[in-house]
Amino acid sequence: MNAALKPVASPHVMNTYGRLPIALSHGRGCRVWDTNGKEYLDGLAGIAVNTLGHAHPKLVPALQDQIAKLIHSSNYYHVPDQERLAQMLVERSGLTNVFFCSTGLEANEAALKLARKYGHDKGIERPEIVVYEKAFHGRSIATLSATGNPKVQAGFGPLVEGFVRVPANDIEALKKATANNPNVVAVFFETIQGEGGINPMRAQYLKDVRALCDERDWLLMIDEVQCGMGRTGKWFAHQWAGIVPDVMPLAKGLGSGVTIGAVVAGPKAANIFQPGNHGTTFGGNPLSMRAGVETIRIMEEEGLLANAERVGAHLRAALDKGLAGVAGVKDIRGQGLMLGIELAKPCGAILQRAADAGLLLSVTADSVIRLVPPLILSTAEADEIAAILVPLVKAFLAE
Ligand SMILES: *Cc1c(COP(=O)(O)O)cnc(C)c1O
């Protein structure tokens, strides 16, 4: 835990997070208020979750309507909005079939199971999956094993076997690591690593990996849990490279705050699971499905992909300009409304100072300030984020 973050006294909740001493009470658009009435601009969106911001005037009545009708019914019965949301995801991704669950790790866990069964169905008894340095895929034992961060893995061994780890953006390293290995069944990565520090995969690398997967009959599995759902200005970040994966886990922004996960699969992976192979109690429940359907509908009505691209570029330009030539700013990177500012030193202490100044954000990989605001962010709000953040970063780096 970062030394700057003092836990709020909470004797019965497990001590798993370094929390700021703030409790949020309500929100509206890109603003939230804490229980003392202090107002904040939301540069975090609940970690890339609150796509439509807070208390969206079209989402709230739709969810109220759904809650009053049916929250949960179980997958023993058909849930009509599952088919509606699946169709929406299929049309926007170029894939064919969807499995619904409740979280990001659960979507990734399903993807890993799909890859293993894909191998077993081909007679590969000990399938191996290529994963990446600095990757983050979740906190279950399997997704933790796929994650490329020794810090979050420490203390939880033995990890799950069957992973081959490679560095990002190096096609020769991928070929070398998998040479003469007949057990490889899939390649699995985030288009833009989120927790790893906002590290994008290059477009050419994505194309090269797609071609290699086709050549070797591997599944291309792209974790779009954080960078997907419009955040970069396209529905899914890999679409900037013009490629289509075989398997795509989603979660975070898909329900605009309502718990939801999904695995979207194309023809190579869509029929691997048969009845009895996989399931989950909460996945695909009527409330989360309604949230997904309404989120996509409202995003399109309000042109939020274009907004994410335009306002993201505006915010990026304001940060580039404000921090140009500042010693200790190593890099500013990302796409759309998924931006990272890498500093030359650990910067967890920025969180409290930004909050004091009325801005919520996060820090990943120790030294990267992460901005993942709601996709409804306006250019005026982007200017406000930069106006708060730039002087804070300068002062912090001058210490
Ligand atoms: C957050 C995240 C996950 C895990 O999602 P949970 O809902 O926390 O389980 C997996 N992959 C990526 C890329 C993420 O950003």
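Start at 1 and go down the list; that is how both ligands and their atoms are numbered.
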TODO: Run the numbers on N285 and L70 for side chain to side chain contact (heavy atoms under 4.5 Å, CB included), then give the verdict.
DONE: CA-CA 9 Å; N285 69 64; L70 199 60; over 6 Å; no
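- Selection from I260, D223, L250 by nearest heavy atom to atom 11 (N) of ligand 1 gives D223.
- Summarising the geometry of L89 relative to A262, their closest heavy-atom pair is CD1-CB, 4.3 Å, with the distance given to 0.1 Å.
- Residue contact check: E190 has heavy atoms under 4.0 Å from atoms 13 (C) of ligand 1.
- Below 4.0 Å from some heavy atom of T103 lie the following atoms of ligand 1, by number and element: 7 (O), 9 (O).
- Atom CZ of residue F189 and atom CE of residue M221 lie 10.5 Å apart, to the nearest 0.5 angstrom.
- Protein heavy atom closest to atom 7 (O) of ligand 1, with residue, atom name and distance, is G104 N, 2.8 Å.
- The N/O atoms of Q226, backbone and side chain alike, include one that comes under 3.5 Å of an N/O atom in ligand 1.
- In summary, the side chains of T280 and E106 do present a donor paired with an acceptor at a separation below 3.5 Å, with no hydrogens or angles considered.
- Of all the heavy atoms of H137, the ones lying under 4.0 Å from any atom of ligand 1 belong exclusively to the backbone.
- Checking atom 15 (O) of ligand 1 against the protein gives a heavy-atom contact under 4.0 Å.
- Other residues, nucleotides and ligands contribute over 12 non-hydrogen atoms within 6.0 Å of the NZ atom of K122.
- When all heavy atoms of D42 and P373 are compared, the closest pair comes out as O-CB, 3.6 Å.
- Of all atoms in ligand 1, numbered sequentially from 1 with element shown, those under 4.0 Å from a heavy atom of K252 are 1 (C), 2 (C), 3 (C), 14 (C), 15 (O).
- One distance of note links CD1 of I192 with CH2 of W240; it measures 10.0 Å at 0.5 Å rounding.
- Comparing heavy-atom distances from atom 10 (C) of ligand 1 across N108, T259, L105 singles out N108 as nearest.
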